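Written below as structure tokens is the structure these notes are about.
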Amino acid sequence: MKVIRDPIHGYIELDTLTLSLIDSPQIQRLRRISQLGLSNLVYPGANHTRFEHSLGVMHLASMLTEKIDSVTDEEKEELRVSALLHDVGHGPFSHVTEGITKYYTRQQHEDVREILKKGELGDILKEHGLNPATIEDHIQGKTDLGKILNSEIDVDRMDYLVRDSHYTGVAFGLVDHVRLINEMKFYENKLVVTAGGVKAAESLLVSRFLMHPSVYYHHVSRIAETMFTRAVGDMIQKKSLNAFDLRKIDDSRLFEMIRNDDGYAGEMAERLDNRKLYKRALYVGFDEVGEGVLKHRKNIERVEAEIAEDVGIEPESILIDIPKDPEIAEMKALVKVNGRMLRLDEASHVVATLEQAHRDNWKMGVYTPKEYREEVSKAARKFFDVKRTTKQFRLSEIEG
């Protein structure tokens, strides 16, 4: 048994099996995959990786299974391995390339069976009698045991909220994960939070709610990530990059490929290298554009071309970012209170009030180089029929 010192959880124990998995090329690649994509352009300390996050999730999963008597030693080992491997399918810059990988390959980062069957990982799992299909099912939350890793309230969320808060310096990731783990158990084959863990569950949701606009959807991160994904898409369309290779390479390798491009992708790389980012020409929420704006998610390039034609610039000079419909899955987590099974939002008034507040965090963006900002703003407001809110009218009166 060996130990690793982690800044979040202290000492993490590693047995022979997990040590052999960690030394595989597939896990070592995670040392070179940033946890928060391009968020270090906003928070310089956000340089932590999927590798340490995977260790943290493994540690918390082990803590939780030790508290549950019904879990066998064999199942504990399966879950420990699944937790360590749960992010092995991530591409460069983590979630930044997830959408484009899914678009071209129909694979998400939880689709890891082929990765687990091949190479050193496959050999290690086979040697220890572990089935790649079962490990993938745990990772995807398809099994009862897998809910510990992938469900409404899981150890994955517990680790990344605390870890991301630590490395960004944003003091919103205050989650009492130790208390929460101690108050979780299986009831009728479902992972539930007991009454004593409701406050800790509330802290997790409040933390996620506050981290969402401050870190995960910070406008500078969204601009940089949109620029980067368009560069990657351009490389794939020109066949300079095979989309199926994204889950095999790391951040630096992909960025270097983009830098070496002599066209649009190379231009984006130069801007990102020098932090010469596009600017916000439009940045609005549902209260100004309505939820009908989500229908444009499937036709973003057409909309960009239409706005660009209206302004008289190239379509490449406009980037539109329309996030998916916001939701808080954690609200559906099950809580056992006074012998009754309730959803978390039914058991907590705090959680129930977060749903609308979370929707208020949603923002769509239209980005463009600084010199086109004013013209693009007018054209985008016209296209999306942006409404002025009561708040904006009041600000205008004050400024006037």
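Keep in mind that this is a model prediction, so the values were computed, not measured. FYI, the numbering just counts along the sequence from 1. The figures here come from the full heavy-atom set of this structure, side chains too, leaving out hydrogens, waters and symmetry mates.
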Task: E288 vs K387, salt bridge (Lys or Arg N to Asp or Glu O under 4.0 Å): CA-CA, chis, key distance, verdict - done: CA-CA 5 Å; E288 295 170 80; K387 303 174 183 64; over 6 Å; no
Looking at [X] and [Y], does any basic side-chain N land under 4.0 Å from a carboxylate oxygen?
X    : Y    : value
E375 : K378 : no
D251 : R32  : no
E256 : R259 : yes
K117 : E114 : yes
D245 : K248 : yes
E183 : R179 : yes
R253 : D250 : no
D176 : K199 : no
R163 : D6   : yes
R208 : E330 : yes
E152 : K332 : no
K238 : D234 : yes

Heavy-atom side-chain contact between [X] and [Y] under 4.5 Å:
X    : Y    : answer
R29  : I33  : yes
V220 : R275 : yes
V112 : H86  : no
W362 : L294 : yes
H296 : F383 : yes
E304 : E301 : yes
F51  : I22  : yes
L254 : L241 : yes

Tell me whether the count of non-hydrogen atoms from other residues, nucleotides or ligands lying under 6.0 Å of [atom1] in [X] goes above 12.
X    : atom1 : value
Q108 : CD    : yes
E74  : CD    : no
E371 : CD    : yes
Q28  : CD    : yes
D69  : CG    : no

- [ ] To the nearest 0.5 angstrom, please state how far the NE2 atom of H358 sits from the CG atom of L210.
- [x]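 The NE2 atom of H358 sits 11.5 Å away from the CG atom of L210.
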Task: Under 3.5 Å donor-acceptor, R50 side chain and Q35 backbone - done: yes
TODO: Output yes when a side-chain donor or acceptor of D159 lies under 3.5 Å from a complementary backbone atom of V155, and no otherwise.
DONE: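 No: the side chain of D159 does not pair with the backbone of V155.
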Atom pairs and distances, side-chain donor-acceptor, residues 139-148, under 3.5 Å, sequence neighbours left out:
residue	atom	partner	partner atom	Å
Q140	OE1	K142	NZ	3.0
Q140	NE2	E110	O	3.2
Q140	NE2	D111	OD1	3.0
T143	OG1	H138	ND1	2.6
T143	OG1	G146	N	2.8
K147	NZ	G141	O	2.7

TODO: List the steps and the verdict of side chain to side chain contact (heavy atoms under 4.5 Å, CB included) for F255 and D273.
DONE: CA-CA 10 Å; F255 217 131; D273 274 334; 3.9 Å; yes
Task: Step-by-step side chain to side chain donor-acceptor pair (under 3.5 Å) determination, Y367 to D321 - done: CA-CA 8 Å; Y367 315 130; D321 173 32; 3.3 Å; yes
Open item on the list: Are H90 and H95 an aromatic pair, judged by ring center distance below 6.0 Å?
Closed with: yes
Open item on the list: Less than 6.0 angstrom separating the ring centers of F228 and F93, yes or no?
Closed with: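 Between F228 and F93, the centre distance is under 6.0 Å.
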Open item on the list: Can you confirm if the NZ or CZ of R280 lies within 45° of the ring axis of Y283 and under 6.0 Å from the centre of its six-membered ring?
Closed with: yes
Open item on the list: Cation-pi check for Y11 against R5: NZ or CZ below 6.0 Å from the six-membered ring centre and within 45 degrees of the axis, yes or no?
Closed with: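 Checked: cation-pi criterion met.
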- [ ] Dump the intermediate steps for side chain to side chain donor-acceptor pair (under 3.5 Å) on D15 and T18, then the final yes or no.
- [x] CA-CA 5 Å; D15 57 18; T18 50; 2.7 Å; yes
Open item on the list: Assess the residue pair T101 and R247 against the criterion (side chain to side chain donor-acceptor pair (under 3.5 Å)); give the C-alpha distance rounded to whole Å, side-chain angles, the decisive distance to 0.1 Å, and a yes or no.
Closed with: CA-CA 8 Å; T101 300; R247 301 203 302 170; over 6 Å; no
TODO: Might you work through the side chain to side chain contact (heavy atoms under 4.5 Å, CB included) test for D154 and L149, ending with a clear yes or no?
DONE: CA-CA 5 Å; D154 54 40; L149 298 179; 5.7 Å; no
TODO: Mind running side chain to side chain donor-acceptor pair (under 3.5 Å) on R31 and T49 for me, showing each step along the way?
DONE: CA-CA 6 Å; R31 289 183 183 271; T49 69; over 6 Å; no
Task: Pair R302-E306, salt bridge (Lys or Arg N to Asp or Glu O under 4.0 Å): steps then yes or no - done: CA-CA 6 Å; R302 180 186 63 78; E306 189 168 331; 3.4 Å; yes
Open item on the list: Consider side chain to side chain contact (heavy atoms under 4.5 Å, CB included). Of V335, L334, V192, V193, which one does L344 pass it with?
Closed with: V335
